[in-house]
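Positions are given from 1, in the same order as the sequence printed here. Because the structure is a prediction, the values reported are computed rather than measured.
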Amino acid sequence: MITVATVVYYAAIVVLNVLWSKAESGEVLVCVACVAVLFVVQLLHVSPRARRWPMRRRCATLTVQAVLTYLPFLLFGVNWGTMAGPLAGSLLLLLPGRFAWPLYGLIAGSMVAVTVSSGLDWVMVSYMTAGSMMAGLIIYGMARLSDLIAEVHASRAEMARMAVTEERLRFARDLHDLLGYSLSAITLKSELTYRLVATRPDRAREEIASVLEVSRQALADVRLVASGYRDMSLEAEAESAAAILAAADIRAETAVSCGRLHPVTDTVLATALREGVTNILRHSKAQTCLISVSVEEETVRLRLVNDGVAGQRPDRSSHSGSGLGNLRTRLTSIGGRVDAGVRGDDRFELVAEAPVHPAVTEKQQQGSTLGAADTARSAA
């Protein structure tokens, strides 16, 4: 709208100049008709789609504007002078710079020639020439500013769509990582309870109490996942994993010697341990499992090794999960990495490495603070 108002302003100046010169009614009508056509052409030139026209079409419309700009000089003289400005702006908008700026200078020279031939003194020559060329720069600047504003709005809309997509991915990752482990544990313990209820009711009651505890934790995880990143403890997860594996008759060995870790590193590695244990429970027939955590210089390394892959083929079905992909995304975001595969001794090994001082984003830092606050409220 600002660009249109600018074009209207210069068109009105020309009409007022012609009226001020006491032109005849026929000349005024010719002036208004020329201004109307130039106004329409100028509106086309300042529109964003004009920059995408083929060069032949741009040259054709610029030629029409140039003819309608210079022919009226024969009838109206210097009173038509400001219409050279919009032509200069159109050249800057539609032509490459190596052509536009020399033509811009040529229009300035033509304005000098027209005003000098009209007998004006050097002050009026400078005024008319500078005013016309400044009009071209103003129209060019307003049109480019409008383009930039449109691009900013489009970028904001795209960023909003990306933010929504990222939030959906985060929600899906958190649900998978936090609930996959809990639901697998509930299933395992429920099956065990079903087998024990007739022969060992005391042990069955203990397992039911454990199922209730895991279920409550799963419910708390669901409530927290909507608020952002949740703090988790690697040491606590290692103890819980050993207990769950023992319930599944898997001999677990733990060697955790990492001390206090950064909350983000602690959470990401705890999530990696959860995913590894979930995969053991769902996809393997392991008898033994080794969980080790060590700190080497500036890197925390988690190793999860089990012997449950002998004779097994990887599950590549559509419902096999996306846990390792989620872990790669989480670890890469803080400068870490994850590696998983079958080793030479037919053991499956998951290795997750994360920096002691992670590259924490503002969102992760805010999520860590929220998670600590939620933990404190739960403890209270």
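Residues Val40 and His45 fail the side-chain proximity criterion, which asks for heavy atoms closer than 4.5 Å. Using a 4.5 Å cut-off on side-chain heavy atoms (C-beta onward), Phe39 and Leu43 make contact. In this structure, the side chains of Val293 and Ser257 stay at 4.5 Å or more apart for every pair of heavy atoms. Contact annotation: the side chain of Ile291 approaches that of Leu273 to within less than 4.5 Å [non-hydrogen atoms, C-beta and beyond]. Counting heavy atoms from C-beta on, the side chains of Asn306 and Leu290 never come closer than 4.5 Å. In this structure, Cys31 and Val14 have side chains that are in contact, with non-hydrogen atoms separated by less than 4.5 Å. Between Tyr140 and Ser90, the closest side-chain pair of non-hydrogen atoms is not below 4.5 Å. The shortest distance between side-chain heavy atoms of Leu196 and Pro201 does not fall below 4.5 Å.
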Apply side-chain contact (heavy atoms from CB on, under 4.5 Å) to the pair Leu93 and Val46, showing each step before the final yes or no.
CA-CA 7 Å; Leu93 286 170; Val46 298; 4.0 Å; yes
Verdict with supporting geometry, Ile244 and Ile250, side-chain contact (heavy atoms from CB on, under 4.5 Å):
CA-CA 9 Å; Ile244 293 296; Ile250 300 174; over 6 Å; no
Take Arg260 and Asp266 through the salt bridge (Lys or Arg N to Asp or Glu O under 4.0 Å) test and state the conclusion after the steps.
CA-CA 8 Å; Arg260 185 177 181 83; Asp266 215 10; over 6 Å; no
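Of the inter-residue distances, the one linking Glu206 atom CD with Lys189 atom NZ reads 10.0 Å to the nearest 0.5 angstrom.
With hydrogens and angles disregarded, a donor-acceptor distance shorter than 3.5 Å links the side chain of Arg58 to the backbone of Leu94.
A salt bridge does not link Glu213 with Arg216: none of the charged nitrogens is closer than 4.0 Å to a carboxylate oxygen.
Below 30°, between 30° and 60°, or above 60°: for Trp80 and Phe76 the angle between ring planes is below 30°, a parallel geometry.
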